[in-house]
Amino acid sequence: MSSNEMPKAYEAKSYEDEIYSAWEQSGFFNPDNLTGEPYSIMMPPPNVTGVLHLGHALENALMDAMVRYQRLCGKKVVLVPGTDHAALPTQAKVEMMLMEAGMKNPRQELGREKLVAKIREFAEASRATILSQIKKMGTSCDWSRLAYTFDDKRNVAVNELFRRMFEDGLIYRGHRVVNWSTKGQSTCSDDEIIYVERPSVLYTFKYSKDFPITIATTRPETKLGDTAVAVHPTDERYQKYIGQTFTVDVGAAKPLLIKVIADEGVDPSFGTGALGVTPAHSPVDFLMYEKQKANGNPIEIIQVIGQDGRMTAEAGSYAGLTVEEARAKFVARLSEQGLLEKEPEEIVQNVGTSDRFKDVIESLPMTQWWLDVQKVIPSRGKSLRDLMREALTTGLDGDITKKVTITPERFTKLYLNRVENLRDWCLSRQTWWGHRIPVWYRGEEMVCGTAPEGEGWEQDPDTLDTWFSSGSWTFSTLGWPEKTKDLQEFHPTNWIQMGSEILYLWLMRMVLMSTYALDEIPFKDAYIHGVLRNEQGKKFSKSDANGIDPLDVIQEYGCDALRLSVLIGTTPGNDARYYKEKVEAGRNFVNKLWNISRFVLSSVDTSLVSSMPAPVTLADKWILARLEFTAGNISKLLEQFDFSLAIEVLREFVWTDFADWYLEISKVQQADASQKESTDKILLYVLKNILVLAHPFMPFVTEVIWREFNEGLLLVGSWPAVSGFANAEAEQQFDGLKELIVGIRNIRSHYKIEPKKLLQIVFVTQESSRTELELYRAIIATLARVEPDFIVATSYEPALADVSSVIRDITVFVKLETIIDPEKEKVQKEKEIAQLRSYIKATQEKLSNQEFLSKAPATIVAGMEQKKREAEEKLALLS
RNA sequence: GGAUGUUUAGCUCAGUUGGUUAGAGCAUCUCGUUUACACCGAGAGGGUCGAGGGUUCGAAUCCCCCAACAUCCACCA
């Protein structure tokens, strides 16, 4: 296709697929075909639970902009793509789907093997969809290194990590209170609980008539398992009871022995100041239970709620009832026996619910696998918590080069605060989709790591929390535990981006795993982004049906437009809004670039493409200087991860400097045979560099234009280097010319002179400025639409119909056909004079302030003097 | 209850270590079919930077306090 065949508007969809496969086939997505300094990014693997949404479009735009920039800078770049099996969420989703299709209990009806097969089928289909979507987004990742959190290689890494941690005594099996989802029949971690406000009833009562202390609860049925009442140690009301044990009969299997204990954690001013302790069904109470045990003053633990959500045999007459039924029965009994001390009170309560199964989380004592974050690692002399802290503060082992930097910085504080409060991590899940706990049992024997030889071994039925495998993502993707070349070359990774919502879930665990397994940080820089919201500021969610499918957007506006729309206005850590006008603005920019190229390529001799430009005119010098500045600025902004501002700077240069000014001037210059070639060279040079600068943000359109006049792929082009075209003087002079032209246009607009009419003008200025004006005669004539034979004089006696305006040191007189009302003119002029006077007065005041003169830096003072002088000159010309 | 963030033009947002008369995109208004582009061009209007104090020669920017909104954490029985 030659340039004059370039269609009038850029039609994204007719190029994108073809361009992507050209990139892919080139092999340059794979670092093995690149040279230079290694640079690596691991793609946060999307969950196979669904399809990609707008948030993924943002993530892909961010990552791809970064890797394309780095690749253009000549680095050996790899972006490793992948997907996440998302253990529990995926199983939950498939079970929901099966139940919607009529199945009552998928686990019972299908059994482990068949259900896992069903889930795998779903996951594989979803995975394929996701991978094709990533391609649609133009992401330049290395498909030969594609990873999956649940493939065999990652399983090897997971098992090895588990074994090492087990042998270091960090992973242990313990009987403790866990978060239990009855509906999901599994534990979940603290991070997977969502607190929902719900109405609840607070009951205030005594266990029995002769029990001396009143307590309150919203969960009366759990009181069947109470074994203590806790009060504040200094609470005078209850001093005398501390240490005593009371026997009460609440209808449980056995009478309860309630010991009155002292605990600092009890707030004496809240409620009755006494707390019924249910060690088996409350995490807080369980801690008290452990504390009492350690103190040598143990209390009992009685489990009255079972894994099926029904009351256990321990609950005596309540056994077999659901939690709700038991609650009603217990309250009825309290009422009958007159034990309620107050009317039940309706309150709003935060109830912990399962993120995935949506039911209320029960606290139950169970034997599970745990990761201890506080225990000292034998070979290291510090704990996982210490490692996690070091990595974000002093750098690992105090080595500042091994420090993770988070952008924006404020998330570091949140991270550290969380690290300090981290509790042991419950690793085991009772769901089936996921890495199985790598532990085998035979009678009393237990083996960890790999399946042992011999008969009769049985593997632990539980699976691992999905974040255990995600945590090792930065290095499991590179072949760990083998000592691969990739691992050596690309770890620690350079950069990662993620949403703020997974800072704790993922970032923290990657730091944990990487520092533990490799003694390395997982990445040097972490960029945290917010979520995309709709025009009303609401989060996009599937249930609200306000979700936008990025593929639809790509279909309608093109991938480049979508990328621009999610990147513009996105600042680190902050949420951003997304709406149609943004994509339209993106699409318009893409199309503008297309038409700029169309014009350049149809008006120049493209065989000059590889010649170095030699600036001749002021405009030439100016545009090259601006290009140099822009390129440096974009580099700087990208190094600071300021994507939005980088695009803004690019847009300003492309649209305003190049299209609105230089292109229009180039038409004048091209008409002059002596300047045609030099102008062509500059047009080509600037266009070429614009394509490189824009490529990270709008890869498709830039690549399409690139191949119109270049060999090879822009994908592996070179980022503009400093070329010595910086020219502050030319920039300043050109600004003067611009001001003059804008000033004349202003006069036309102000006096409503029709656009077609060429203005008759007299410029009055000092002798020294005359040659300059002569030099730009053609440009001024064309851009300001002025008769080319305008007069330049040192003095002039205006005619009655003339109007004038002062622009810098030049007074412009325009001849009008009708005489303008002089009174109106006078008013206008006086207004301008008044403004100048007040400005001069204000600057004068500052400049006569001794403190300002002595304390402000010299450049500020000089700048202000300069401004004042200019204002005074203008004032002189006006009056 | 604790923490963090946000509050700047009609809307969405920038505003770099405090320093000229606070910017952009979109929207609005006026004009325009100049052969790159109406997904465009030229021009214009629009802000006492949430309120109140303070520091400073100088504050949108730093400090204090208040308010509204958002998010995260904890969760009180």
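Within every chain, numbering begins at 1; the chains are lettered A, B, ... in the order of the sequence lines, protein sequences first and strands thereafter.
- Shown here, C69(B) forms a base pair with G5(B); the pair counts as Watson-Crick or G-U wobble because both key distances fall under 3.5 Å.
- Comparing the P positions of U48(B) and U35(B) gives an interatomic distance of 42 Å, to the nearest angstrom.
- Computed from coordinates, the E420(A) CD to A74(B) C1' distance equals 16 Å when rounded to whole Å.
- Looking at heavy-atom distances under 4.0 Å, K8(A) makes contact with sugar-phosphate atoms alone, never a base.
- Between the CD atom of E341(A) and the P atom of A77(B) there is a distance of 18 Å, rounded to whole Å.
- Atom NZ of K342(A) is separated from atom C1' of A77(B) by 12 Å (rounded to the nearest Å).
- Among the protein residues, R219(A) comes within range of no part of the nucleic acid, since none of its heavy atoms lies under 4.0 Å from any strand.
- Only the P atoms considered, U7(B) is 15 Å distant from C63(B), to the nearest whole Å.
- Summarising the geometry, the separation between CD1 on I502(A) and P on U71(B) is reported as 18 Å, rounded to the nearest angstrom.
- Looking at heavy-atom distances under 4.0 Å, D660(A) makes contact with sugar-phosphate atoms alone, never a base.
- The residue T218(A) sits close only to the backbone: its heavy atoms come under 4.0 Å of sugar-phosphate atoms, none of a base.
- The phosphate of A36(B) has OP1 or OP2 within less than 4.0 Å of a side-chain N or O from K667(A).
- For the OP1/OP2 pair of A77(B) and a distance below 4.0 Å, the side-chain nitrogens and oxygens of Q349(A) include at least one atom meeting the criterion.
- A distance below 6.0 Å separates the ring centres of F643(A) and Y527(A).
- Between the side chain of T353(A) and the backbone N or O of I194(A) there is at least one donor-acceptor pair closer than 3.5 Å.
- One N or O on the side chain of Y415(A) and one on the backbone of M388(A) form a donor-acceptor pair closer than 3.5 Å.
- Among the protein residues, E11(A) comes within range of no part of the nucleic acid, since none of its heavy atoms lies under 4.0 Å from any strand.
- With a cut-off of 3.5 Å on both Watson-Crick or G-U wobble distances, the partner of C49(B) is given as none.
- Applying the 4.0 Å criterion to OP1 and OP2 of G41(B), one finds that W655(A) has a side-chain N or O inside that range.
- Heavy atoms of R748(A) sit nowhere under 4.0 angstrom from any nucleic acid atom.
- In this structure, I833(A) and L875(A) approach most closely via the heavy-atom pair CG2-CD1, 3.6 Å.
- Taking the C1' atom of each, C65(B) and C29(B) are spaced 43 Å apart, rounded to whole Å.
- Annotation: G23(B) and U16(B) have their P atoms spaced 14 Å apart (nearest Å).
- Pairing partner, G41(B): C31(B), with both Watson-Crick or wobble hydrogen-bond distances short of 3.5 Å.
- Summarising the geometry, the separation between CG on N421(A) and P on G1(B) is reported as 20 Å, rounded to the nearest angstrom.
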Each nucleotide of nucleotides 10-21 of chain B classed B (base within 4.0 Å of a protein heavy atom), S (only sugar-phosphate) or -, in 5' to 3' order, makes --SSS----BBB
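- As rounded to the nearest Å, U61(B) and G50(B) have C1' atoms that lie 16 Å from one another.
- The P atoms of A60(B) and C49(B) are separated by 7 Å, rounded to the nearest whole Å.
- Side-chain contact check for L737(A) versus I780(A): some heavy-atom pair is nearer than 4.5 Å.
- The nearest whole Å value for the distance from the CD1 atom in I261(A) to the C1' atom in A77(B) is 13 Å.
- Of all nucleotides present, none satisfies the Watson-Crick or G-U wobble test against A74(B) with each distance under 3.5 Å.
- Judged by distance alone with a 3.5 Å cut-off, a donor-acceptor contact links the side chain of N350(A) to the base of C75(B).
- Side chain R598(A) to base C37(B): no donor-acceptor pair is found below 3.5 Å.
- Within the nucleic acid shown, V600(A) has no heavy atom closer than 4.0 Å to any nucleic acid atom.
- K738(A) has its NZ atom 15 Å from the P atom of G41(B), to the nearest Å.
- A close approach under 4.0 Å does occur between a side-chain nitrogen or oxygen of R745(A) and OP1 or OP2 of G43(B).
- Here the side chain of K582(A) pairs a donor or acceptor atom with the backbone of R577(A) at under 3.5 angstrom.
- Atom CZ in F599(A) sits about 14 Å away from atom P in G41(B), given to the nearest Å.
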Q. Do S597(A) and E708(A) pass the side chain to side chain donor-acceptor pair (under 3.5 Å) test, and can you show the C-alpha distance, the side-chain angles, and the key distance before you say yes or no?
A. CA-CA 9 Å; S597(A) 310; E708(A) 290 289 326; over 6 Å; no
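- Partners of R327(A) under the side-chain hydrogen bond (donor to acceptor under 3.5 Å, both in side chains) rule, at least two apart in sequence or in another chain, are E221(A).
- Residue Y195(A) places none of its side-chain N or O atoms closer than 4.0 Å to OP1 or OP2 of A74(B).
- G18(B) and G58(B) have their P atoms separated by 15 Å, given to the nearest Å.
- The nucleotide A22(B) finds no pairing partner, because no Watson-Crick or G-U wobble arrangement with both distances shorter than 3.5 Å includes it.
- No donor-acceptor pair under 3.5 Å is formed between the side chain of S749(A) and the backbone N or O of R745(A).
- Across all strands shown, U61(B) forms no Watson-Crick or G-U wobble pair with both distances under 3.5 Å.
- In this structure, N746(A) does not reach the A42(B) phosphate: none of its side-chain N or O atoms is under 4.0 Å from OP1 or OP2.
- In this structure, L663(A) reaches the bases: a heavy-atom distance under 4.0 Å links it to at least one base atom across the strands shown.
- Separating the OG1 atom in T405(A) from the CZ atom in F641(A) is a distance of 8.0 Å, to the nearest 0.5 Å.
- Nucleic acid contact class of D267(A) (heavy atoms, under 4.0 Å, all strands): base.
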